[in-house]
Amino acid sequence: MRQAYLSRIITYYNGELRDFKNHYLVVENGRIVGLTNKEQENFVDYSNYIILPGFVDAHTHLAQIDARAKWCPDLIEWLERYIFPAEMRFKDEKYARDAAKRFFKELAKNGTTTAAVFSSPFKNATDIAFQEASKMGLRVIIGQVMMDMNVPEELKISVEKAERDTRELAEKWHGYNDMLYYAVTPRFAVSCSMKLMKTLANIAKEKNLYIQTHISEQEREIEEVLKLNPKFKNYAQVYKHAGLLGPKTILAHGVHLNNEELKIIKEEDASIAHCPSSNFFLHSGIMSMDSMKRYGLQIGFGSDIAAGPYFSMLEVARDASYSNPISPEEAFYYTTLGGAKSLGFDKITGSLEPNKSADFVVLSLENFDDLDTRELLSSLIYLGDDRNIVATYVKGKEVYKKEKI
Ligand SMILES: [Zn+2]
């Protein structure tokens, strides 16, 4: 069915930022036909609102939805005190389902249409996460968090079971409906043996899966990694040796990466998920987007729930503009098309261009008619949050609608 949406539409288009006033976004069978100012027969009148491409969250944790805002400025202590007990709860499948439902609903409510998600260390809970993401209709990469050392016994997995679980989940979900994808997800090099990391990297290569992990978030973590892997000069070399770096790898943080590591990551073509809200919250330091850009790395923004307290990518973009001097246009780019590119989805989503999936957000903003493009994006980034989201669509299907506007 053909359906049009009349609105002010802002998107990257043919590589440039465009602001289409009083245009119709024309959608057929979930795909964008085009943008036009020619009157359309069947249309939804969003002329009092703004349409943007759906937001992309390049790094977040489903299993930490109920562990937000637990102050503790040391990453390892924070994990031990709050996060491991939170993830332990996912053994209970009833809780796992309830949490997954709430998590994906929050994503939709915040205008996030595409996300890369860490699940918990349990296979069944991860299977449930896929089921709920599918029901909500979002485009999601998910992985079971794997750890085999330096964590409580209940959260550890053997290398053999890690391999079995990965194969089973990947078989069932990777590429499902062209919407769901599996990522092998070793938490980080502090809690994963080289054997576990190598095993996961090999399955990822064999099955063309995503790889997601954390790198260089805090100094004490880096020291631990080098103590555990004394043969290596730096963190990136540890992952390179394990085979975890490649074009389908998403590395969260990278706050303290040195030039040699940035070079390795570029050579391997892996992406960085910049999580400014999380870095502020845990006092991890400030990641330099300039050095990432100097090395030509792909960057996306991540909410990193629960170290990042909020789901809204508008708020994350705001923090990104505080951590690095980027313009509203640039922050908007990383929240949409740049984020999609960092996950390898830029041919499918991230901008409102013909043949792409109709993944878009409808937003309210007072008196936006008086604002030029920069002012409008600036207002949304510095003042916006979930309250501005009126509706969210993925593949042309409404996945969220605000009850009272
Ligand atoms: Zn994280």
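In each ligand, atom 1 is the first atom listed, and ligand 1 is the first ligand listed.
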> Protein N, O or S atoms at less than 2.8 Å from the Zn ion (ligand 1), how many?
Replying inline: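 Protein N, O or S neighbours of the Zn ion (ligand 1) under 2.8 Å, waters not counted, come to 4.
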
So that I know where these two stand, are [X] and [Y] an aromatic pair - ring centroids less than 6.0 Å apart?
{"X": "Y5", "Y": "F360", "answer": "yes"}
{"X": "Y334", "Y": "F301", "answer": "yes"}
{"X": "F311", "Y": "F103", "answer": "yes"}
{"X": "F118", "Y": "H61", "answer": "yes"}

> To the nearest 0.5 Å, how far apart are OG1 in T60 and CG in L107?
Replying inline: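 If I round to the nearest 0.5 Å, the distance is 6.5 Å.
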
>> Here's a test for you: under side-chain hydrogen bond (donor to acceptor under 3.5 Å, both in side chains), which of E217, E221, K240 qualifies with Y235?
In response: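 Considering E217, E221, K240, a side-chain hydrogen bond (donor to acceptor under 3.5 Å, both in side chains) with Y235 is found only for E221.
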
